[in-house]
Amino acid sequence: GDSVTQMEGPVTLSEEAFLTINCTYTATGYPSLFWYVQYPGEGLQLLLKATKADDKGSNKGFEATYRKETTSFHLEKGSVQVSDSAVYFCALSSQNTGNQFYFGTGTSLTVIP
Amino acid sequence: DTAVSQTPKYLVTQMGNDKSIKCEQNLGHDTMYWYKQDSKKFLKIMFSYNNKELIINETVPNRFSPKSPDKAHLNLHINSLELGDSAVYFCASSQAPQVTEAFFGQGTRLTVV
């Protein structure tokens, strides 16, 4: 079945460091791909998305490109801030999955000043 | 206005009790979901439901049942609560058949003692 594999955490970075969180997927057909962020004590918020191959999603300085050839959707940010500390989830959804969203295991990011 | 709201935010109850968590969305979406997040932040789909179809994750015990009085509500009933049911439960919604993002509620932290 469709699934998402996400880089294990936790990740600790200094402020202004470069961030990469890896995400690869397995899917039949052409899923949409998402990154969600969960701040402590809160629900999940959509960070960015891409709905077809070669699309780049971007928001708040974060970017991810839908790579069909490598089945990947890695999350990147050039310069992280303390306020970026959160848990990040990669996810996919498609009509093949009955429009259900399948999430990776989450990667906890802590940014230290 | 909160797009997806769930109540209560916290629920502490004894083993063997029956409890419900309510969820409402004001986005006009066709599909609603329940997810369970365990202590390691892993998110598991429990149900997805629209006005035509209920999709149940086969690993969910039949003590859990979704109830949808109308398109805007999907409540979660849990019978004979067990210690292992302790988790955070998230309600979400999305618009089908287009695969747009899912909007999440703030979560209900269920503690079974």
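Side chains are part of it too, since the values below use all heavy atoms of this structure and drop only hydrogens, waters and symmetry mates. Per chain, numbering begins at 1; letters A, B, ... match sequence-line order.
With 3.5 Å as the limit, one finds no donor-acceptor pair spanning the side chains of A/Y66 and A/T51. Residues B/S20 and B/H77 have side chains that bring a donor and an acceptor to within less than 3.5 angstrom of each other. The closest side-chain donor-acceptor pair between B/D30 and B/Q95 falls under 3.5 angstrom.
Every residue meeting the side chain to side chain contact (heavy atoms under 4.5 Å, CB included) condition with A/K56, not counting sequence neighbours, appears here in chain and number order: A/E63, A/T65.
Of the possible polar contacts, one joining the B/Q25 side chain to the B/G28 backbone as a donor-acceptor pair under 3.5 Å is found. Panel note: side chain A/T71, backbone A/K68; no donor-acceptor pair is recorded below 3.5 Å.
Sorted by first and then second residue, the pairs that involve residues 82-106 of chain A and meet salt bridge (charged side-chain N to carboxylate O under 4.0 Å, His left out), not counting sequence neighbours, are A/K77-A/D84.
No part of B/Q6 comes within reach of chain A, as not one of its non-hydrogen atoms sits under 4.5 angstrom from that chain. Proximity to chain A is absent for every atom of B/F47, based on heavy atoms less than 4.5 angstrom apart. Only the side chain of A/Q38 comes within contact range of chain B, with heavy atoms under 4.5 Å apart. Proximity to chain B (any heavy atom under 4.5 Å) is shown, for A/L44, by both the backbone and the side chain.
With a 4.5 Å cut-off on side-chain heavy atoms, B/M46 and B/Y89 count as touching. Annotation: side chain of A/F89 is not in contact with side chain of A/F101 (no heavy-atom distance under 4.5 Å). Using a 4.5 Å cut-off on side-chain heavy atoms (C-beta onward), A/H74 and A/R67 make no contact.
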Quick one, B/T59 with B/K44, criterion side chain to side chain donor-acceptor pair (under 3.5 Å). Give me CA distance, side-chain angles, the key distance, then yes/no.
CA-CA 10 Å; B/T59 67; B/K44 185 176 94 170; 3.3 Å; yes
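Chain A is approached within less than 4.5 Å, heavy atom to heavy atom, by no residue from residues 66-75 of chain B. Contacts between residues 102-113 of chain B and chain A, defined by a heavy-atom separation under 4.5 Å, are made by B/A102, B/F104, B/G105, B/Q106.
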